[in-house]
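A note on names: the letters A, B, ... follow the listed sequences, proteins ahead of strands, and every chain is numbered from 1. Since the structure is predicted, the reported quantities are computational estimates derived from the model, not experimental observations.
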There are 2 protein chains.
Amino acid sequence: MTDLFPDKGHDHGRCIDSALHQAETVAEANNARFTDMRRRVFTLIWQSHKAITAYELLDALQGEGVRAQPPTVYRALEFLVGLRLIHRIESLNAYFGCDMPDCEHLGQYFICRNCGRVAEAVNEDMSRAVRAAAGAVGFKIEATTIEIKGLCHDCAAH
Amino acid sequence: MTDLFPDKGHDHGRCIDSALHQAETVAEANNARFTDMRRRVFTLIWQSHKAITAYELLDALQGEGVRAQPPTVYRALEFLVGLRLIHRIESLNAYFGCDMPDCEHLGQYFICRNCGRVAEAVNEDMSRAVRAAAGAVGFKIEATTIEIKGLCHDCAAH
DNA sequence: GACGAAATGATATAATATAACACTTCAACA
DNA sequence: TGTTGAAGTGTTATATTATATCATTTCGTC
C-alpha cells in the first residue's frame, strides 16, 4: 500500500528545502516578493506535516524573537494561500504546506485525528465526480473544500 | 436541468413544516428531547435556504424576545448537528438545515457566493471516489467535509 | 537621491467559540 | 405525589480566530 503520509524516518530537511525552493520559483514566476517575513512563516508551516494555526505561527515567530502581531501573520498567510503555496484547512482553522503548488488541482486533504498529520491528494476520480455533479445541476465551481478526517494508516494500525 | 436549489416561487412554509416534522421524528427515534429552545433554533435555521451563523441566530432569538447567550445557541447547534438535523458549513462557520437526516450520507454542499443559498447533494460517484481514495492509502474515514463554492444555476445565468 | 507602491508595524476591535458553575426542568420511580 | 437524578438552560467570564485602520518602513524604478 502506498501511504500518502510520509515515512516516520524521512529526511524532513529535504521536504523543507524542496518546498522553499519551489516557493521561490513560484513567487518569482508571479513577480511576487518572497520577503523575509513570508519566508519565515512559510518555513514555520513546513516544520511539520501537520496543519498549524495562525496563532501558533504567531507564538513561534515571537519565540524566534520577531515582534509580530496577528495582522502580520494573517498577511503572510494570505499571500501564501494566494500563490497556492499553502492551503487553509477550513475544518481546523489552520494552514498546511502544499507540495505541488503549480498543479491546478482540486485538492483533497486527509487529516489524521490521532497524529495530526495532513496529506494532500489529487484524485482525478474525485475531481471528475465533483465537476460532473456540479455540471449536472448547472453549478459553476469556483472553489472546493474537500477534507477527510479519520485515522491514517499508521495510527489505524495501533 | 434539475436544479438542486429550490424554485424561487416554492412554498417555503412547506419546507419548514416538513423539516420540523422530520426533526421531531428523528429526535423521538433517538430518545432525544426536542425542547422549545432547540425547536426555535432549528426553525430559525430553516427560515431560508442559506446557512446562518451562531451569532445571527443569537440576534434572531433576541429579536424574538428570548434572553439567550452564546452558549445557549451553541448547545442547540451541537444537539442538532449531533442528530444530523443540521450541518455545519466549515468554510462559512455557519449552519444549514438538512432535509434528509436519516440518510447515512457523505453529504456535499453547493454554496452560491452570490445568493448565499446552500444545497445539499448526495452523489454516490463522489462518495465512492472518496472511499476509494481513502481505501487505497489505508485511511480510515470518520468524517468528510465537501463544500463547493461558486455560482448556482440562477445566479450564473444573470 | 526622490518617488510611489508594496510591505510591515502597531493599536484596536470584531467575530467565533467554550469553560465553569448555578439554577431549572422533566421523566422515572419510590 | 413527592423525591431524585440527569438533562437542559442561564449566566458570567474568557479563549480563540480574524480584520479594520492608520503610521512607518522597505524596495524597486527612475
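Looking only at distances, no side-chain donor or acceptor of Gln108(B) sits under 3.5 Å from a matching main-chain atom of Met126(B). At least one donor-acceptor pair closer than 3.5 Å links the side chain of His12(A) to the backbone N or O of Trp46(A). Put simply, the side chain of Arg88(A) never gets that close to the backbone of Leu77(A): no donor and acceptor are under 3.5 Å apart.
Looking only at atom types and distance, the side chain of Ser91(A) has a donor-acceptor partner in the side chain of Glu147(A) under 3.5 Å away.
For CD of Glu142(B), the number of neighbouring non-hydrogen atoms (other residues, nucleotides, ligands) closer than 6.0 Å is greater than 12. For CD of Gln62(A), the number of neighbouring non-hydrogen atoms (other residues, nucleotides, ligands) closer than 6.0 Å is greater than 12.
By the 4.0 Å N-to-carboxylate-O rule, Arg38(B) lies too far from Glu24(B) to be salt-bridged with it. Looking at Asp125(B) and Arg128(B), a side-chain N of the basic residue comes within less than 4.0 Å of a carboxylate O on the acidic one, giving a salt bridge.
Under a hydrophobic-cluster definition in which Ile, Leu, Val, Met, Phe, Trp and Tyr are linked whenever side-chain heavy atoms come within less than 4.5 Å, directly or via other members, Val81(B) and Val26(B) are assigned to the same cluster.
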Review point. Which nucleotides of nucleotides 9-14 of chain D have their base under 4.0 Å from a protein heavy atom (B), which only their sugar-phosphate (S), and which neither (-), written as one string 5' to 3'?
Key: BBBB--

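Atom C1' of nucleotide dA15(C) and atom OH of Tyr95(B) are separated by 13 Å, given to the nearest angstrom. When rounded to the nearest whole Å, the span between CG of Leu58(A) and P of dA10(C) equals 13 Å. Computed from coordinates, the Leu57(A) CG to dT16(D) P distance equals 15 Å when rounded to whole Å. Put simply, CD1 on Ile89(B) is 13 Å from P on dA17(C), counting in whole angstrom units. We find that CD of Glu78(A) is positioned 12 Å from P of dT8(C), with the value rounded to whole Å. Here dA15(C) presents its C1' atom at 12 Å from CG of Asn93(A), a figure rounded to the nearest Å.
Sorted by residue number, the members of residues 21-34 of chain A with any non-hydrogen atom under 4.0 Å from DNA chain D read Arg33(A).
With DNA chain C read from its 5' end, the first of the two nearest nucleotides for Phe79(A) and Thr53(B) is the one closest to Phe79(A).
Between dA17(C) and Tyr74(B), a contact under 4.0 Å exists linking OP1 or OP2 to a side-chain N or O.
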